[in-house]
Novice: 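The structure under discussion is supplied below as structure tokens; questions concerning it will follow.
Source: prediction; values computed, not measured. Sequence lines set the chain letters: A, B, ... in the order given, protein chains first and strands last, and positions in each chain run from 1.
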There are 2 protein chains.
Amino acid sequence: MDVHPKVIPSKVSRRRTQVERRAQGEKALLDAAAELFAAQGIVQTSLAQIGQRAGYSRGLVNHHFGTKDALIDRLARQCQEQFWKAFAEIDVETGLEGILATIDTYLAQIVSPAPHGRAFLVMRAAALPEASMAPTIAEADERTREVFVSWIETGHRDGSISRRVKAEPFAAILLGLLHGLAAQLFVAPDAVDMGALRSQCHDVVRAALEEREPRREERQ
Amino acid sequence: MDVHPKVIPSKVSRRRTQVERRAQGEKALLDAAAELFAAQGIVQTSLAQIGQRAGYSRGLVNHHFGTKDALIDRLARQCQEQFWKAFAEIDVETGLEGILATIDTYLAQIVSPAPHGRAFLVMRAAALPEASMAPTIAEADERTREVFVSWIETGHRDGSISRRVKAEPFAAILLGLLHGLAAQLFVAPDAVDMGALRSQCHDVVRAALEEREPRREERQ
DNA sequence: TGATAGTTGCTTGACGATTAGCAAGTAAGT
DNA sequence: ACTTACTTGCTAATCGTCAAGCAACTATCA
């Protein structure tokens, strides 16, 4: 694993204030951690690697964040913010369009060259059996489900989403679908065609959400 | 974490053959590993803990499997077999019913008291950034998607599934949905109601798969 | 403006704890 | 007796954490 500093931050350029120094160091550490976590996992990444990659020493993580767990928690929240920021910029007419746009936004974050999306996936996966991370991740899930719930209720009001659709369980299904898809893409990026996936995804969600005509024959 | 042996295998009972001894030891180790992985994760579980939990010594894992990675790979395949065995027992009429039954079977494995389902989830999650496990997991995903593909094609033939549904991308979506749902249940078992989830899951899949009447009005 | 003392960011050395793997030994089955 | 299952002592390596020290920045005063 390449652990060397990608770009040496402009530390040599000019006289910086203390707040600038601190902010630059902290950002460099978080970026380095995101890249390394995304590439090789959390436990496989040592604090020394993070410091080196960021262009600093091994001790800086402890100086800034205290412990490794604190860094992880901080980074998880920051990565999650990226998602919400992107979600918040969605501007569409109907609830159904909101859901579809959110799906696209999520997938775009995952395949983005910026490591934050994938780093969040890795941290989310690592949280499964780890008590220390579970609360943060559970809270993130909760908030993301609420985004979906809100779109569904909007759709109920504007008529783009059938009232038969129950908001909470459907939000859980949708979030699960996205996380699960992302996980498959992660371990085997070429196993499924991204374009077909996105289009089929839209079809499925549309079919599930839109008002349906009563079917001619009812199966058993 | 409680690491003590759950049930001492009947080693004292009777004179066993060598093959019985080997099989018992191996099974005890794999069971212990599954329980510990499911409860506290892979890297957090040491070989010594596995041996102790199985009622043996620290060194037995190395003796039987050589390395920790070999044990993990072996266990991942075994857990995956549990899923496929359960899938293979599904006996229904139509392709659509096959899909729905597969969903129920999957969810049942996850909430089962036996640790293999959750252990597989944990191993799958750990494989995200880990090159050594990714191929095994990617292969497992591939085979599971094929189960879905096969049901979808059955449904195409018997008319229970619309021909508009493309098998491969839909299989990926379905697998993602299940894995993602399971992951949510893992970190926050009480966040969503299991019954409502299952029922909504069926609704979504039904809506996506069944032939639809042409809608009265087409939205933009 | 320029020197100096104080504050804060950052580095380095060291410690304690943990762990996977192996080699040599013991016990159980044939 | 002899093979095979299993145990135990050992080693080398890794890593998180912290205390002490060094370097960069800031404020004060001449």
Side-chain angles (χ1 to χ4, degrees), chain A residues 1 3 5 8-30 32-33 36-37 40-75 126 130 132-133, chain B residues 1 3 5 8-30 32-33 36-37 40-75 126 130 132-133:
Chain A
M1 179 59 204
V3 131
I8 310 241
S10 58
K11 292 194 294 187
V12 281
S13 63
R14 177 180 48 87
R15 192 181 162 88
R16 298 165 300 163
T17 70
Q18 292 286 62
V19 278
E20 280 174 339
R21 273 183 86 190
R22 165 166 273 275
Q24 280 188 18
E26 209 167 287
K27 175 167 163 40
L29 288 175
L30 286 168
L36 290 168
F37 287 176
Q40 56 181 27
I42 299 178
V43 286
Q44 293 83 358
T45 300
S46 68
L47 299 185
Q49 282 180 314
I50 297 173
Q52 186 183 349
R53 174 84 163 203
Y56 292 87
S57 72
R58 36 183 185 85
L60 193 59
V61 169
N62 288 110
H63 177 66
H64 269 284
F65 302 101
T67 76
K68 190 179 185 181
D69 280 346
L71 166 74
I72 294 169
D73 193 77
R74 175 72 185 280
L75 181 61
E130 184 123 14
S132 70
M133 298 181 57
Chain B
M1 180 59 204
V3 131
I8 308 226
S10 58
K11 292 195 295 188
V12 282
S13 62
R14 175 179 50 87
R15 189 180 165 90
R16 298 163 299 162
T17 70
Q18 292 286 59
V19 278
E20 279 174 340
R21 270 183 88 189
R22 165 165 273 276
Q24 279 188 18
E26 209 167 288
K27 175 167 163 38
L29 288 175
L30 287 168
L36 291 167
F37 287 177
Q40 56 181 31
I42 299 178
V43 286
Q44 293 84 356
T45 300
S46 67
L47 299 184
Q49 283 180 314
I50 297 173
Q52 185 184 349
R53 174 84 164 203
Y56 291 88
S57 71
R58 317 187 315 261
L60 193 60
V61 169
N62 284 313
H63 176 65
H64 270 280
F65 302 101
T67 76
K68 190 179 184 181
D69 280 346
L71 166 74
I72 294 169
D73 193 78
R74 175 73 186 281
L75 182 61
E130 183 125 14
S132 70
M133 297 181 59

Novice: Grab the NZ-P distance between B:K68 and C:dT18 for me, whole Å please.
Specialist: 15 Å
Novice: For residues A:T45 and A:K68, report the shortest heavy-atom separation together with the two atoms involved.
Specialist: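 For A:T45 and A:K68, the tightest heavy-atom pair comes out as O-NZ, 2.8 Å.
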Novice: So which atom in B:H64 and which in B:L29 form the shortest heavy-atom distance, rounded to 0.1 Å?
Specialist: CD2-CD1, 3.9 Å
Novice: As an exercise, state the distance from CD of A:Q24 to OG1 of A:T17, rounded to the nearest 0.5 Å.
Specialist: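 Reported to 0.5 Å precision, the distance equals 9.0 Å.
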Novice: Would you say a side-chain N or O of B:N62 is under 4.0 Å from OP1 or OP2 of C:dA20?
Specialist: no
Novice: Hey, what are the protein-to-nucleotides 3-9 of chain C N/O distances that come in under 3.5 Å?
Specialist:
residue, atom, partner, partner atom, Å
C:dG9, OP1, A:R22, NE, 2.6

Novice: Assuming nearest nucleotide by heavy-atom distance, tell me which of B:T67 and A:G25 is located more 5' along DNA chain C.
Specialist: A:G25
Novice: Send over the distance from A:L71 CG to D:dT17 P, rounded to a whole Å.
Specialist: 10 Å
Novice: Where the side chain of B:S46 is concerned, which of C:dT19, D:dT26, C:dT12 is the nearest nucleotide?
Specialist: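 Output: C:dT19.
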Novice: Atom CZ of B:R58 and atom NE2 of B:H63: how far apart are they, to the nearest 0.5 Å?
Specialist: 15.0 Å
Novice: Rounded to whole angstroms, how far apart are CD1 on B:I42 and C1' on C:dA20?
Specialist: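 These atoms are roughly 16 Å apart.
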Novice: Output the rounded distance in Å from CD (A:Q24) to P (D:dC25).
Specialist: 10 Å
Novice: In this structure, how many angstroms lie between the C1' atom of C:dC10 and the CD atom of A:E26, rounded?
Specialist: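 Rounded to the whole Å, the gap is 14 Å.
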Novice: Hey, what are the protein-to-nucleotides 9-11 of chain D N/O distances that come in under 3.5 Å?
Specialist:
residue, atom, partner, partner atom, Å
D:dG9, N7, B:R58, NH2, 2.9
D:dG9, O6, B:R58, NH2, 2.8
D:dC10, N4, B:R58, NH2, 3.3

Novice: If I take atom CZ in residue A:R16 and atom C1' in nucleotide D:dA24, what distance separates them, rounded to the nearest angstrom?
Specialist: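 One finds 9 Å between C1' of D:dA24 and CZ of A:R16, rounded.
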Novice: Give the minimum heavy-atom separation between B:Q49 and B:Q44, together with the two atoms involved.
Specialist: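 Heavy atoms of B:Q49 and B:Q44 come nearest at OE1-O, 3.4 Å.
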Novice: Could you pull out the closest heavy-atom pair between B:A54 and B:A28, with the gap in Å?
Specialist: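 Scanning both residues, the minimum pair turns out to be CB-O, 3.5 Å.
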Novice: On a heavy-atom basis, which atom in A:L71 and which in A:V61 lie closest, and how many Å separate them?
Specialist: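 Residues A:L71 and A:V61, closest heavy atoms: CD2-CG1, 4.1 Å.
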Novice: In chain order, what residues pass the side-chain hydrogen bond (donor to acceptor under 3.5 Å, both in side chains) check against B:D73, with sequence neighbours excluded?
Specialist: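 If we apply the side-chain hydrogen bond (donor to acceptor under 3.5 Å, both in side chains) test to B:D73, skipping adjacent residues, the hits are B:R77, B:T136.
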Novice: Which whole-number value in Å describes the distance from A:L47 CG to C:dT12 P?
Specialist: 16 Å
Novice: Using a 4.5 Å cut-off on heavy atoms from C-beta on, say whether the side chain of A:F65 contacts that of A:L30.
Specialist: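 A side-chain contact under 4.5 Å exists here.
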Novice: Would you mind reading off the distance between B:E20 atom CD and C:dA28 atom P, rounded to a whole angstrom?
Specialist: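 Rounded to the whole Å, the gap is 16 Å.
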